[in-house]
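Notes to accompany the following structure.
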Amino acid sequence: MSVRVRFAPSPTGALHIGGARTALFNWLYARHCGGVFVLRIEDTDEARNTPEAIQIILDSLKWLGLDWDEGPLSSDPDGPGLGEHGPYFQSRRDHIYRKYIHRLLDAKMAYAKDGAIRFRMDRNPVTIHDRIVGEVERKLTDREALDPDFVIVRSDGRPVFHLVNVIDDIEMGITHVIRGEDHLTNTARHIRLYDAFGVKPPEFAHIPLILNPNGSKMSKSEEGASMNEYMDGGFLPEAVNNFLSLLGWSPGNDDEILPVDEIVRRYDLDGIHRSNARFDMNKLVWMNGEYIHKADAATLVRGCLPFLEADQPGASSYPEEYIAKALEVCREKVKTFAEMPQFARFFFMKRISFSEEETGGQLTPAVLPVIKAVHDGLEKAPDFSVETVAATLSQVAADLGVKPGKVMSPARLAITGQKAGPGVHELIHILGREQVLTNLRDALDWIQSGQ
RNA sequence: GACCCUAUCGUCUAGCGGUUAGGACAUCGGCCUUUCACGCCGGUAACCCGGGUUCGAAUCCCGGUAGGGUCGCCA
């Protein structure tokens, strides 16, 4: 039988990092097995669900590259979907649930009380066979022992999660339920529901949770908890996928930077851990840097442009080739695209704004002669190739009788207004004669005007 | 309160009866260097505790402790 897995989010806001990982693990397993990945929207809680939230979930999954074989094509519950098991919005499947509820009622396995419908739950322990956790014998808790039955249809007629989740998984032919460990103890109820419907339960695989750095449950408001932070924060989806796949799963050796197709190839339920993992933004940022350093030029430009434009309005209207060259010499310095402006902003400034803070107090009258010499040297340079610029600056240092460093550092400060940045020769070459000389004259003026 | 899961450096992890307990992030030194990074070299740093089983336990069993999860007319 071919593998069919699903991701069934409830659209109550941004996609949580834990949800994204659950989706990823399901997708990975489907792709590894050549199975089917289903997306189902659990929008039964009308008060909390919004069309915007559905769209965000769709966008987040697309951004991560987690394509679904069956599921909605848009955030419209009545719109077209992919696959033969629709509708894929629970809010549009009520007629299906009704049939199952009647079966339960007719067989006396469920009954009405206080206007709601309750399921007669087994009082004996339920054994859960979990692919990750193993055999789990779930006994009733003290509260449950008082009244083991649970509500499956609210008094207002709306069926609850436990019921619809099971019915949909049956109807959609789900073979493996891969979900967060927070559902493990609830699985006993689900198994009894499968029994009641006379259906063999699917394989269960409960994956460990993602915790905060301090070990507590990762809540929505926590740093790094929302996928929006990565989509809008200068991250590459490949890096986020790679990082998430390693949170609770291991390929079995020390490999860490793994392209997604290799993760798909090596992915297996047996490689999933049993213990929760803490979220480490530091390592994610490092990994993102690894991906940025190897990204192709177009990806680098596309990723950085929004941040550059926000920092220096008009930046995106510079010539494409110029932007590409400017970003290329800065790429090794950043770990997220959001960090790019702090190194590359001067490339997109017609006039540099000098500040005591940015220059670290290094632009003083003492360096006036050096900057003047750099200006005059470059003004007379026959061209602005990297080689010519290098030779020119060396000559300036020689003429002044100082080490090259005594020229490079003030030159960088004067031309870029910053202490840190790409190689001086390269940045002068890319900036070009006119802009470099303008910046140098501005620097001279700024120093002479008493700063 | 009850029930369930889990336990290797600060963090993510390798290990699946015999290892100098390995790697990565972070951190601390050093090198490289015109800056900041990158890169390279090196250091600090872990088997939660207590009992067993065994010639031998990080690995298997039991107990404790700690952390997490669940017990809704939320999902």
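Chain letters run A, B, ... following the sequence lines, proteins first, then strands; residues in each count from 1. Computed from a predicted model, the values in this text were never measured in an experiment.
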Exercise. If we only count heavy atoms from C-beta on, is the Val5(A) to Val177(A) side-chain gap below 4.5 Å?
Worked result: no

Exercise. Would you say the side chain of His162(A) lies within less than 4.5 Å of the side chain of Asn186(A), judging by non-hydrogen atoms?
Worked result: yes

When you compare the side chains of [X] and [Y], does any donor N or O come within less than 3.5 Å of an acceptor on the partner?
{"X": "His85(A)", "Y": "Arg4(A)", "result": "yes"}
{"X": "His293(A)", "Y": "Arg331(A)", "result": "no"}
{"X": "Ser226(A)", "Y": "His16(A)", "result": "no"}
{"X": "Asp43(A)", "Y": "Ser91(A)", "result": "yes"}
{"X": "Arg118(A)", "Y": "Tyr111(A)", "result": "yes"}
{"X": "Asp255(A)", "Y": "Asn253(A)", "result": "yes"}

Length of the [atom1]-[atom2] vector between [X] and [N], whole Å:
{"X": "Met281(A)", "N": "rG10(B)", "atom1": "CE", "atom2": "C1'", "answer": "18 Å"}
{"X": "Asn253(A)", "N": "rG22(B)", "atom1": "CG", "atom2": "P", "answer": "17 Å"}
{"X": "Leu258(A)", "N": "rU13(B)", "atom1": "CG", "atom2": "C1'", "answer": "13 Å"}
{"X": "Asp280(A)", "N": "rU27(B)", "atom1": "CG", "atom2": "C1'", "answer": "13 Å"}
{"X": "Arg274(A)", "N": "rC5(B)", "atom1": "CZ", "atom2": "P", "answer": "13 Å"}
{"X": "Asp254(A)", "N": "rG22(B)", "atom1": "CG", "atom2": "P", "answer": "11 Å"}
{"X": "Ile272(A)", "N": "rU13(B)", "atom1": "CD1", "atom2": "C1'", "answer": "15 Å"}
{"X": "Leu247(A)", "N": "rC25(B)", "atom1": "CG", "atom2": "C1'", "answer": "12 Å"}

What pairs of nitrogen or oxygen atoms, one from the protein and one from nucleotides 43-45 of chain B, lie under 3.5 Å apart?
none

Exercise. Between Leu15(A) and Ser60(A), what is the shortest heavy-atom contact and its length?
Worked result: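 The pair with the smallest heavy-atom distance is CD2-CB, 3.6 Å.
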
Pairing nucleotide - [N], Watson-Crick or G-U, each distance under 3.5 Å:
{"N": "rA2(B)", "value": "rU70(B)"}
{"N": "rU65(B)", "value": "rA7(B)"}
{"N": "rG17(B)", "value": "none"}
{"N": "rC40(B)", "value": "rG30(B)"}
{"N": "rU53(B)", "value": "none"}
{"N": "rA46(B)", "value": "none"}

Problem set entry | Strand-adjacent residues in residues 283-298 of chain A, judged by heavy atoms under 4.0 Å from RNA chain B |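 Close to the strand are Lys283(A), Trp286(A), Glu290(A).
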
In whole angstrom, give me the gap between the [atom1] atoms of [N] and [M].
{"N": "rU8(B)", "M": "rC16(B)", "atom1": "C1'", "result": "13 Å"}
{"N": "rU59(B)", "M": "rG15(B)", "atom1": "P", "result": "15 Å"}
{"N": "rC36(B)", "M": "rU27(B)", "atom1": "P", "result": "16 Å"}
{"N": "rC61(B)", "M": "rG72(B)", "atom1": "P", "result": "32 Å"}
{"N": "rA24(B)", "M": "rC9(B)", "atom1": "C1'", "result": "12 Å"}
{"N": "rU13(B)", "M": "rG56(B)", "atom1": "C1'", "result": "26 Å"}
{"N": "rC5(B)", "M": "rG43(B)", "atom1": "C1'", "result": "38 Å"}
{"N": "rC28(B)", "M": "rU33(B)", "atom1": "P", "result": "23 Å"}

Problem set entry | Listed partners of Trp27(A) passing side-chain hydrogen bond (donor to acceptor under 3.5 Å, both in side chains), at least two apart | Asp67(A)

I'd like a list of close polar pairs between nucleotides 17-21 of chain B and the protein, N/O only, cut-off under 3.5 Å.
none

Problem set entry | Step-by-step salt bridge (charged side-chain N to carboxylate O under 4.0 Å, His left out) determination, Glu144(A) to Arg138(A) | CA-CA 12 Å; Glu144(A) 288 168 334; Arg138(A) 166 65 154 87; 2.9 Å; yes

Exercise. Under 6.0 Å between ring centres, would you say that holds for Phe37(A) and Tyr29(A)?
Worked result: no

For this session: Scan Gln418(A) against the nucleic acid and name what it touches under 4.0 Å (heavy atoms): base, sugar-phosphate only, or nothing.
Result: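 Here Gln418(A) touches no strand at all.
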
For this session: Would you mind classifying the nucleic acid contact of Lys335(A) as base, sugar-phosphate or nothing, using non-hydrogen atoms under 4.0 angstrom?
Result: sugar-phosphate

I'd like a table of atom pairs between the protein and nucleotides 30-35 of chain B - only N or O on both sides, under 3.5 Å - with the distance next to each one.
| unit_1 | atom_1 | unit_2 | atom_2 | d |
| --- | --- | --- | --- | --- |
| rU34(B) | O2 | Arg412(A) | NH2 | 3.0 |
| rU35(B) | O2' | Lys419(A) | O | 3.0 |
| rU35(B) | N1 | Arg412(A) | NH2 | 3.3 |
| rU35(B) | O2 | Gly421(A) | N | 2.8 |
| rU35(B) | O2 | Gly421(A) | O | 3.2 |
| rU35(B) | N3 | Arg412(A) | NH2 | 3.0 |
| rU35(B) | N3 | Gly421(A) | O | 2.7 |

Problem set entry | Step-by-step salt bridge (charged side-chain N to carboxylate O under 4.0 Å, His left out) determination, Asp156(A) to Arg158(A) | CA-CA 6 Å; Asp156(A) 65 3; Arg158(A) 291 156 48 232; 2.7 Å; yes

Problem set entry | salt bridge (charged side-chain N to carboxylate O under 4.0 Å, His left out) evaluation trace for Arg266(A) with Glu262(A) | CA-CA 6 Å; Arg266(A) 299 171 67 169; Glu262(A) 191 174 342; 3.0 Å; yes

Charged tip of [X] within 45° of [Y] ring normal and under 6.0 Å:
{"X": "Arg103(A)", "Y": "Tyr100(A)", "answer": "yes"}
{"X": "Arg189(A)", "Y": "Phe150(A)", "answer": "yes"}
{"X": "Arg192(A)", "Y": "Tyr194(A)", "answer": "no"}

For this session: Hey, can you tell me if Phe235(A) and Tyr230(A) have their rings parallel, tilted or perpendicular (30° and 60° cut-offs)?
Result: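 Because their plane-to-plane angle is over 60°, the rings of Phe235(A) and Tyr230(A) count as perpendicular.
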
Problem set entry | Base versus backbone protein contacts along nucleotides 69-75 of chain B [heavy-atom cut-off under 4.0 Å; B, S, -] | BSB-BBB

For this session: Could you check Val136(A) against Leu246(A) and say which one's nearest nucleotide on RNA chain B is further toward the 5' end?
Result: Val136(A)

